[in-house]
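Below is one structure; the comments refer to it alone.
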Amino acid sequence: MKRIAIYPGTFDPITNGHLDIIRRSSELFDEVIVALARNSQKTPLLSEAERQGLIEAALIESCSDRTNIRSDAFQGLLIDYARMMGATAVVRGLRALSDFEYEFQMALMNRKLAPEVTTVFLMPHEQYTYLNSTIIRELAHHGKDVSDFVPKVVADALKKKFEVKYH
Ligand code: ADP
């Protein structure tokens with residue numbers, strides 16, 4: 001049986017931390033689907049189309065050596081989507097203790113709803129543990145170069161976004 005994993009998120013925008021988790025997942029599973037959650041409770045900076053486009057471009061830029069990674073988007077409950085895709089695992093990244101409480105609740109609820117789908121937590125390389133999309137948006141908003149933390153396509157897109165906004 002093909003072992004399919006879903007890596008869901010808001011990806012506003014995708015960062016090197018996300019990509020680290022995606023690469024690790026691609027070593028553990030036959031197929032990894034990076035899945036943009038459309039109905040996230042968050043109000044994203046980037047539109048759905050922009051985030052999806054950046055995920056695709058980032059995968060080409062950073063993961064083109066891996067043939068078992070693809071991107072998609074979903075609406076509704078993650079667990080329904082995971083079932084529909086025939087996934088056996090949901091991958092989440094754990095950076096610090098602060099992620100734990102929320103992730104723990106989600107994982108247990110998802111297990112209750114779909115016992116056949118296992119949530120797998122992966123830790124990124126320690127250089128990414130302090131990295132999150134909110135910080136990236138904040139830095140870019142203030143005109144700082146974020147190219148150390150995100151793929152080039154993302155850094156360029158953010159630069160353009162904020163240039164357009166302020167000039
Ligand atoms: P969500 O809105 O679901 O939190 P995110 O796009 O913020 O979506 O993150 C998706 C997943 O990636 C989450 O499991 C999150 O913990 C993880 N993640 C985000 N940033 C990093 C990082 N720097 N290192 C490892 N995992 C990360």
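All figures in this text were calculated on a predicted structure; none of them were measured in a lab.
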message = Please evaluate residues E50 and K161 with respect to the criterion salt bridge (charged side-chain N to carboxylate O under 4.0 Å, His left out), reporting the C-alpha separation (whole Å), side-chain torsions for both, the decisive distance (0.1 Å), and the verdict.
response = CA-CA 11 Å; E50 285 172 318; K161 180 114 194 152; 3.1 Å; yes

Any side-chain heavy-atom pair of [X] and [Y] under 4.5 Å:
X    : Y    : value
P44  : R51  : yes
N110 : V117 : no
R137 : H141 : no
F162 : H142 : no

ask   = So, D145 and S147: side-chain donor and acceptor under 3.5 Å apart, yes or no?
value = yes

Pair T129-R95, side-chain donor/acceptor within less than 3.5 Å = no

inquiry  = Assess whether a salt bridge exists between D156 and K160, defined as any Lys/Arg side-chain N lying under 4.0 Å from an Asp/Glu carboxylate O.
reply    = no

query = Is there a side-chain hydrogen bond (donor to acceptor under 3.5 Å, both in side chains) between T88 and R3 once you walk through the steps?
reply = CA-CA 6 Å; T88 51; R3 290 165 311 157; over 6 Å; no

remark   = Output for pair (I136 CD1, L131 CG), nearest 0.5 Å, gives 5.0 Å

remark   = The reported gap from CG in L122 to CG in D20 (rounded to nearest 0.5 angstrom) is 9.0 Å

task = Look at atom CZ of F104 and say whether more than 12 heavy atoms of other residues, nucleotides or ligands are closer to it than 6.0 Å.
result =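 No, because the 6.0 Å sphere around CZ of F104 holds 12 heavy atoms or fewer from other groups.
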
